[in-house]
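What follows is a short report on a single structure.
All values below were derived from every heavy atom in this structure, side-chain atoms included, with hydrogens, water molecules and symmetry-related copies excluded.
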Amino acid sequence: MIKRAWRRRLLVIPAPRLRKPPSRAASFLSLHDCSIEDLIQHLWNTMRTPGNLHSVPQSRKIHARLVVLGLESNRFLQNNLLNMYFNAGSMEEACCVFARIQAPNVISWNMMITGLSKLGRIREAREMFDEMPQRDSTSWNTLISGYFWSGKYRESIDVFVAMLRDLNSEPNSFTLASVMKACGALQCRELGLQLHSFVQKFDFGKEQQIEAALLDMYIKCGATDEADRVFERLANPNVFCWNSMILGCSKSYGVVRALELFNEMPERDVVSWNTMISVLVKHGRPKETLLMIIEMQAKGYAPDSTTYTSVLSACTSIPDVGWGRHLHARIIRTQLSTDVFVGSALVDMYAKFGLLETAKRVFESLTDCNAASWTALIGGYAQSGYVEETFRLFNKMRKMHVPLDQFSIVTALAACCSKKDMYLGMQIHSLSIRIGYGWSIPVSNALLSMYAKCGSVNCAESVFQLMPIKDIISWTGMVTAYAQVGDVSKASEFFDSMVTRNVVTWNAMLAAYIQHDHFEKGLKLYIVMLRESAVRPDWVTFATLLSACANSAIWRLGNQVIAHTIKVGLNSDISVANGIITMHSKCGRISEARHVFDAILDKDLVSWNAMITAYAQNGLGKEAIAIFESMLYNAIHPDFISYVAVLSGCSHAGLVAEGKHYFDSMTRIHKISPGLEHYACMVDLLARAGYLEQAKEMIDNMPIKPSAEVWGALLGACKIHGNTTLAEISIKHLLELDLKDSGSYVQLAKLYSDSGKLEDTAEVRRFMKERRIRKNPGCSWIEVKDRIHVFTADDAKHPQINEIQQMLDELIKKIEVVGYKRNDTLGSQKGHHSEMLAVAFGLMNLPEWMPLYVMKNLRICSNCHIAIKLISQVTAKDFVVRDANRFHHFKQGCCSCGDYW
C-alpha cells in the first residue's frame, strides 16, 4: 500500500546545471574514467561519511550525483540512499526513493521497516512488514525491536510468536535478546522461564550475548534467585553482566550486597561506576555517592554526563550547597560545554536548595533547553511557593513552542496543589487532554492528587475510574484521598480491592487508621503486613506506629515496636530514632529518651527539637534550655518548632527571664517571626508568674489576631491568681471566637466559685447549657500486665471497682493524717476523679518497686494533684501522671512541676 502510494508522487529532482566545478571537485569528475565498481565503492564510502549521514542537504547532493552519473536505479545505492534519508529524519524523501525502486529486495523492505521504526512510525512499519512478498530473520528482528523501542512490549512478544510459526524464518541471538528485553520490561517471570527453556533447548545458552540478556531479563523481572544461578554459571562474565547484577542485587538485597559485588569486579568501566553511583543515589546514600565519585577519579576514570547527573541529584539530599558548587566548578573546568542533561541537573539542584536566581542563570546559559530543563526551573519555583512565577514560566515555555511532556504537566499540577486552586488545576486538566496526555498514568495520578488536596474527592475518584490503566500509585492515591477527609471505611474499601500492594500502600492505610484513632485496627493491619513476604516495613511504617504508641502512651507496645526496628535494622534510621525519642518522652520515660538521643551520631534538627520538647513537656525547663544551647553550639539553626519547644519549657518551669531572652533572640538573631504558638507560650509564662498586665499588654500588641490558645492561657493564669476581671475579658474574646471547648468555661466557673461568686458560677453553667456545651468527660488509663485499663469519674463498670474504692478510702485516710483536706466544688462529692481510680488500681496490681504511670485526657485538678503528692509520700512510691498539658513526676511528696501548672 505504502509503496503504491509513494509511486503516485515520485520525487522529481531537477537536473543540476552544469558549470565548471571548483578545483577540489576535480577528483569527482575524474570518476567518469573509473570502473563502475570503483564508482559505486566511492559513492558508498561518501554515504557512510558521518558528516553526510545525518544531513538532509548532503543526502540530496549525493542523490543528485546518482542521477547525473546514471546510477539512480542501482539497487545497492538506492538501499543506502534510503538509509541516509531515514538517518537524516526525512521520511518523505526516503519513501519517494523506495517508490522508485523497480524490484525492491528484502534489504530494501528491511531498510524501510527500520527507518520507519526509528522515526516512531511503528504502525506504518507494520503495514510495510505485512506487504513484504518474502521475509528473512532481519525483517522479523527489525519489527520486534521496533515495537520494543516504541514501548509496545506485548506486541514484540506477539511478533516473536508469529515468527516461530513461520517455517521460512528462524530466530537468532538478536531475536532472543530483543524478546528478553521486552519480557524484562513486562516484568513477566513466567514468560522469562519459558524463554530460558527455549534458549537451552536450541543451544543458544553458550553465546555471551544471550547470557547477558538472560541475566538482565531475570533482574528486571525481580527473579533474583534465577539471576544468581545464571550469573554463577558464567565462566567469564563480562562487565555488562557484572553491572546488571549490581543493579539487580541493589533492588532485592540492598546497597550493601551491591557494594560487595562492585568490589569483587575484576575490571570496571565508566558504566560500572555510574551504575554503583545511581544505586547509592536511589538508596538515599548521598555521602557515599560523593565519596564514590572521588574514588572514581582517583582510579583514573573520567566522569561523564551520566555521572554528573546522578551525583548532582545526590547533592540535594545533603543540606550543604557547597558540594554542588564544587561539582559545578569541576564541570566548567573539564568540559568545553555543558550538555542539556547536566545543565538540567544543575538547574534542579540549585532550585531545590532555594537558590532560584542561580538556577535561572544556569538555565539561561544553556545553549539548548529542553522540556527537562524548563521543568526543573518551573519545579524549583513551585517548591519554593512562587506559584505566580511558576505559571509565568510555564506559559513562557508554551509560547517558545517547547514541547510539553508529562512531567511538565505534573509539575504544573503540583503548583495547583500548593495553592489549592482547583479552578486552575481544571485548566491544566483540559490542557493535558488537548495535547494527548489525558490518559498518561503520571498525569492522571497528579490530577487525582490535585483534586484530593483541593477537597474534591468525587473529582479525584472520577479521574481514577476513567484511567484505562491504574498502577499502585493510583490506588494508593485514592486510599490517601479518602483518609484525608476522614472516610476511613472508604479508604479501606480501596485498599482491600488492590491486587498488589507495596510498602507505601500499607503505610497509607496504616496512617489512615492511626490518624483517625482506629489504633487497634492499625495494629492488626501491621500484623497482617508482617505476614506479607513481598513487603518489608520501612522507616515510615515504624514512625507511624511509634507516633500512635506515643499519643496513646502505651509504652510496652512501643517497646515491642522498637524491638521490631532493631530486628529489621532500622533502629539507627534518623527518623525512626526521632520517633523513639518522642515515644519515650510522651510515656514519661525521659531518661530512656535521653539515652536514645545521645546514641544518635548524626543528629538532625528534628532530633534536637524532639529532645527539647521532651524536657519541656516533663517540666524540666533548665534541661530544655541546656539542649537548646547545645544545639546552637553545634551550629544547628533553630526553626519555628525549636522556639516553641524552648519557650514551652520556660513556661512550664516559670523561667521568665530566660523566656523573654529567647523570645527576643528568635526575631533579632534568627529572623523567625513569632507565631500564635510562641505568643501562647509567652502569655502563659508571664501570666502564671503573676505578670498578668504584661501578658495582657503582649496580647494587645500582637501583630496577628490572638487565638483561643492565647486567651485560654491568660484565663488559666487568672484562675491561679484569682483575677476575675481579666478572666471575664478572656472569656469575652473566647466567646467571639465561638469556642466550643468546655475547658475554659469550667475554669471560669471554678474561678467564680473559689471567689464566692456563686451567682456568676450558676450563670456560666446556664450559658453552657444554652449553648449545649458539655464538659468533656475526664478519663484516665493505665497499662497493667500488657492491657490498657480505662477509668472515668465515679466509674462503676470496672470488674475490680469495689476493691479500688476500698483502696482509695484507705489511702485518703492515710493522707488525711499528713494534712490532706478535700476541696472539690465542681467535682464529684462522693466519688473520685478518674486519675485517682487509676492510681489505686495501679497500686493494687503493680509490684512495689515499679513506678506507676497514669495518663489523663484533661488537665489534672488541684485536689487530685495534692492527693497524689501525698500518696507518693505515704506509699514511698513514684508516680508519673500525664495530663493534657504536661507531665507530673511525683516523688516523696513533691511534684516536678513545683505546683506550677
Would you name the heavy atoms of [X] and [Y] that are closest together and state the gap between them?
X: Leu404; Y: Ser408; value: CD2-CB, 4.0 Å
X: Ala491; Y: Tyr482; value: N-CB, 3.8 Å
X: Cys587; Y: Tyr853; value: O-CD2, 3.3 Å
X: Trp539; Y: Asp573; value: CB-OD1, 3.5 Å

Separation of [Y] [atom2] from [X] [atom1] (nearest 0.5 Å):
X: Thr289; Y: Leu312; atom1: OG1; atom2: CG; result: 11.5 Å
X: Ile277; Y: Leu280; atom1: CD1; atom2: CG; result: 7.5 Å
X: Leu447; Y: Met426; atom1: CG; atom2: CE; result: 11.0 Å

Test salt bridge (Lys or Arg N to Asp or Glu O under 4.0 Å) on Asp348 and Lys352 and set out the steps. CA-CA 6 Å; Asp348 182 63; Lys352 284 180 178 174; 3.2 Å; yes
Sub-6.0 Å ring centroid separation between [X] and [Y]:
X: Phe394; Y: Trp374; answer: no
X: Tyr147; Y: Tyr153; answer: no
X: Phe464; Y: Trp475; answer: yes

Side-chain contact test, heavy atoms from C-beta onward, threshold under 4.5 Å: evaluate it for [X] versus [Y] and give yes or no.
X: Arg536; Y: Val503; answer: no
X: Ile562; Y: Met583; answer: yes
X: Thr582; Y: Leu546; answer: no

Compute whether any side-chain donor of one residue and acceptor of the other, for [X] and [Y], lie under 3.5 angstrom apart.
X: Asp487; Y: Ser489; result: yes
X: Asp405; Y: Asn370; result: no
X: Asn578; Y: Asn609; result: no

If only atom types and distance count, is the side chain of [X] paired as donor or acceptor with the main-chain N or O of [Y] below 3.5 Å?
X: Ser384; Y: Tyr381; value: no
X: Asn395; Y: Arg398; value: no
X: Ser492; Y: Val488; value: no
X: Thr544; Y: Ala511; value: no
X: Arg882; Y: Gly588; value: no
X: Gln617; Y: Lys586; value: no
X: Ser449; Y: Asn445; value: no
X: Trp781; Y: Ser552; value: yes

Over 12 foreign heavy atoms within 6.0 Å of CZ, Arg154: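 Open.
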Test salt bridge (Lys or Arg N to Asp or Glu O under 4.0 Å) applied to Glu532 - qualifying residues, sequence neighbours left out: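 Checked Glu532 against salt bridge (Lys or Arg N to Asp or Glu O under 4.0 Å); zero matches.
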Return the set of residues passing side chain to side chain contact (heavy atoms under 4.5 Å, CB included) with Ile318 (not counting sequence neighbours), or none when no residue passes.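 Pro286, Lys287, Leu290, Asp320.
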Ionic contact status for Lys152 with Glu155, cut-off 4.0 Å: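 A salt bridge is absent here (no side-chain N lies under 4.0 Å from a carboxylate O).
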For residues 516-527, which side-chain N or O atoms pair as donor and acceptor with protein atoms under 3.5 Å away, sequence neighbours left out?
from	atom 1	to	atom 2	distance (Å)
His516	ND1	Ala512	O	3.0
His516	NE2	Ala483	O	3.2
Tyr526	OH	His564	ND1	2.7

